[in-house]
Structure formats: C-alpha cells, structure tokens
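Computed from heavy atoms alone, side chains included, the values below leave out hydrogens, waters and symmetry copies. This chain uses plain numbering: 1 for the first residue, then up along the sequence. Please read all numbers here as calculations on a predicted model, not as lab measurements.
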Amino acid sequence: MQPQIIPWERVSRYIYKPDTLIVDLREREEYEKGHITGAWNISYEELDDHLEQMSNYERVIFYCTHGNHSLVAARQLARKGRQAYSIAGGYEMQK
C-alpha cells in the first residue's frame, strides 16, 4: 500500500472523525504555538513507540513542519498495510 499526500484543504473533513487519527510530528514547543484541532503530538523520534496505538484507527494523517517527516511516517505505516496520509508541504503551508 502507498501513502497518499493530501492538501491542507482536505484536512478539515477528517477532524473529529472517530476512525481518523491526526498526528503532529513536530516538537512540543511548535505544537503548542499552533496545531490542527484534536491532533496527537508525537515527536518523529517517538513514532515507533506509538505505532501500535495507531492500529485502532482506519486512517492516520501525519503532518510536520515541512512535510518530509510526515511523508516518511506515512510510508512506514502504509508498508504495514494501513491507510496513511501526509499533508503536503507541512504545517508551514497552512499559514
């Protein structure tokens, strides 16, 4: 399975969906300055420790500052047969 890259404009349709997890991979300080409503904050370095928890969701949407770490994370989850998405351009693109 391949991850999908989605634009910011599509993210709002997934907020508060019980089958969707949105994961902010930025550091805590960046997350506290602004984030997507309801997003989990898991630093990229801690991702492997939380993959099991993500199995409770039909789809997982990742984002980071510029989109690089989120794409790697989405690929990792997609290789496990899961629906994984990366937000194009990262959090910087939505400003």
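- Residues His50 and Glu46 share a closest heavy-atom pair of CD2-O, 3.1 Å.
- Applying side chain to side chain contact (heavy atoms under 4.5 Å, CB included) to Phe62 and the options Ile22, Leu77, Leu21 leaves one that passes, Leu77.
- In this structure, Ser43 and Arg28 have side chains that are not in contact, with every pair of non-hydrogen atoms separated by 4.5 Å or more.
- For the pair Ile6/Val11, a side-chain contact is recorded, criterion being any heavy-atom separation below 4.5 Å from C-beta on.
- Side-chain contact between Met54 and Ile42 is present, with heavy atoms from C-beta onward closer than 4.5 Å.
- In this structure, CG on Asp24 lies 12.5 Å from CD1 on Ile61, to the nearest 0.5 angstrom.
- To the nearest 0.5 angstrom, Leu25 atom CG is 6.0 Å from Cys64 atom SG.
- Annotation: the span from Tyr44 atom OH to Asn68 atom CG amounts to 9.5 Å, rounded to 0.5 Å.
- Using a cut-off of 4.0 Å between Lys/Arg side-chain N and Asp/Glu carboxylate O, Glu29 and Lys33 are scored as not salt-bridged.
- Note on ring orientation: taking the six-membered ring where Trp is involved, the planes of Tyr57 and Trp40 are perpendicular (angle over 60°, cut-offs 30° and 60°).
- How far CZ of Arg75 is from CD of Gln2: 8.0 Å, rounded to the nearest 0.5 Å.
- Transitive grouping of hydrophobic side chains (ILVMFWY, heavy atoms separated by less than 4.5 Å) brings Ile87 and Tyr16 into a common cluster.
- The two residues Ala74 and Pro3 make their nearest non-hydrogen contact at CB-CB, 3.6 Å.
- With rounding to the nearest 0.5 Å, the separation of OG1 in Thr20 from CD in Gln83 is 8.5 Å.
- Atom CD of Glu32 is surrounded by more than 12 heavy atoms from other residues, nucleotides or ligands within 6.0 Å.
- Around atom CD of Glu45, more than 12 heavy atoms belonging to other residues, nucleotides or ligands sit under 6.0 Å away.
- Following chains of ILVMFWY side-chain contacts shorter than 4.5 Å, one can reach Ile36 starting from Tyr85, so the two form part of one hydrophobic cluster.
- Taking the ring centre of Tyr14 as origin, the terminal cationic atom of Arg59 falls outside the region bounded by 6.0 Å and 45° from the ring axis.
- Side-chain contact between His35 and Tyr63 is present, with heavy atoms from C-beta onward closer than 4.5 Å.
- There is no path of hydrophobic side-chain contacts, each under 4.5 Å, that joins Ile15 to Val60.
- Residues Leu51 and Gln76 are in side-chain contact: their nearest non-hydrogen atoms beyond the backbone lie under 4.5 Å apart.
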